[in-house]
Amino acid sequence: MKMREKRRDVYIAYQILEAIRRRQIATVRQVIKDTGLSSRTVVDYVRWLEEKGWIISQLVGRSKLMMLTDEGEAILEKLAEIITQFRGR
């Protein structure tokens with residue numbers, strides 16, 4: 001039996017991607033601080049964003065350093081357009 005993929009909130013993905021983009025390289029702790037999201041939410045979404053290939057990360061000491069991939073940059077632009085359209089209504 002195939003497990004259903006967990007539904008994701010597009011705005012949360014946008015917030016995390018945007019927080020990483022602003023810093024260029026960000027830690028999980030910085031993303032939590034910048035977005036106001038819970039640590040559990042950020043860690044869960046970071047794992048998913050890595051699986052999608054939208055971010056890459058590397059463990060340095062006890063910190064996970066993350067940055068956007070080219071595909072992540074492109075997705076972030078698309079999400080920003082969509083969110084701007086909805087906010088403008």
Side-chain angles (χ1 to χ4, degrees):
M1 181 194 287
K2 187 177 178 183
M3 286 184 56
R4 283 180 62 188
E5 188 172 326
K6 185 176 180 180
R7 288 186 184 205
R8 300 293 177 171
D9 184 316
V10 173
Y11 188 65
I12 291 174
Y14 167 78
Q15 288 178 292
I16 293 170
L17 290 170
E18 179 62 21
I20 295 169
R21 184 198 61 79
R22 272 190 251 117
R23 290 183 178 268
Q24 296 180 345
I25 297 175
T27 64
V28 170
R29 184 173 295 218
Q30 288 170 328
V31 171
I32 291 166
K33 182 180 176 204
D34 293 352
T35 62
L37 297 168
S38 73
S39 60
R40 175 177 248 166
T41 297
V42 171
V43 168
D44 182 45
Y45 272 77
V46 162
R47 189 174 302 119
W48 178 69
L49 293 169
E50 284 180 303
E51 289 171 6
K52 297 298 255 180
W54 298 347
I55 65 171
I56 56 173
S57 68
Q58 182 175 354
L59 203 55
V60 177
R62 294 181 56 167
S63 296
K64 186 175 203 168
L65 302 180
M66 304 171 292
M67 61 186 292
L68 297 181
T69 62
D70 290 342
E71 188 177 354
E73 290 273 0
I75 291 295
L76 179 58
E77 285 182 35
K78 289 178 185 177
L79 290 175
E81 288 175 24
I82 293 166
I83 289 167
T84 300
Q85 286 177 351
F86 276 98
R87 285 189 168 169
R89 292 184 177 186

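- Here the CE atom belonging to M66 is positioned 5.5 Å from the CD1 atom belonging to I55, to the nearest 0.5 angstrom.
- Residues F86 and I82 have side chains in contact (heavy-atom distance under 4.5 Å, counting atoms from C-beta outward).
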Step-by-step side-chain contact (heavy atoms from CB on, under 4.5 Å) determination, L68 to W54: CA-CA 6 Å; L68 297 181; W54 298 347; 5.9 Å; no
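- You'll find the side chain of I25 stays beyond 4.5 Å of the side chain of Q30, heavy atoms only.
- L17 and I56 are not part of a single hydrophobic cluster, where members link through side-chain heavy atoms under 4.5 Å apart.
- Here the CH2 atom belonging to W48 is positioned 9.5 Å from the CD1 atom belonging to I16, to the nearest 0.5 angstrom.
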message: Assess the residue pair R23 and D34 against the criterion (side-chain contact (heavy atoms from CB on, under 4.5 Å)); give the C-alpha distance rounded to whole Å, side-chain angles, the decisive distance to 0.1 Å, and a yes or no.
response: CA-CA 10 Å; R23 290 183 178 268; D34 293 352; 2.7 Å; yes
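- Linking ILVMFWY side-chain heavy atoms closer than 4.5 Å, directly or via other members, places V28 and I20 in a single hydrophobic cluster.
- Here R47 pairs with nothing under the salt bridge (Lys or Arg N to Asp or Glu O under 4.0 Å) rule; sequence neighbours left out.
- How far OH of Y14 is from CD1 of I75: 14.0 Å, rounded to the nearest 0.5 Å.
- Shortest non-hydrogen contact noted between V31 and A26 is CG2-CB, 4.0 Å.
- The shortest side-chain heavy-atom distance between L37 and I12 falls under the 4.5 Å cut-off.
- Here T41 contributes atom OG1 and D9 contributes atom CG; the two are 9.5 Å apart, rounded to the nearest 0.5 Å.
- Judged by distance alone, with hydrogens and angles left aside, the side-chain atoms of T27 form no donor-acceptor pair with the main-chain N or O of L65 at under 3.5 Å.
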query: Given the rule in the side-chain contact (heavy atoms from CB on, under 4.5 Å) test, do R8 and D44 qualify, once you have shown the distances and angles that lead to the verdict?
result: CA-CA 10 Å; R8 300 293 177 171; D44 182 45; 2.8 Å; yes
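- Proximity of a side-chain donor or acceptor of Y11 to a complementary backbone N or O of I83 within less than 3.5 Å is not detected.
- Between atom OG of residue S63 and atom CZ of residue R29 there is a gap of 7.5 Å, rounded to the nearest 0.5 Å.
- In this structure the side chain of K64 reaches within 4.5 angstrom of the side chain of V46, judged on heavy atoms.
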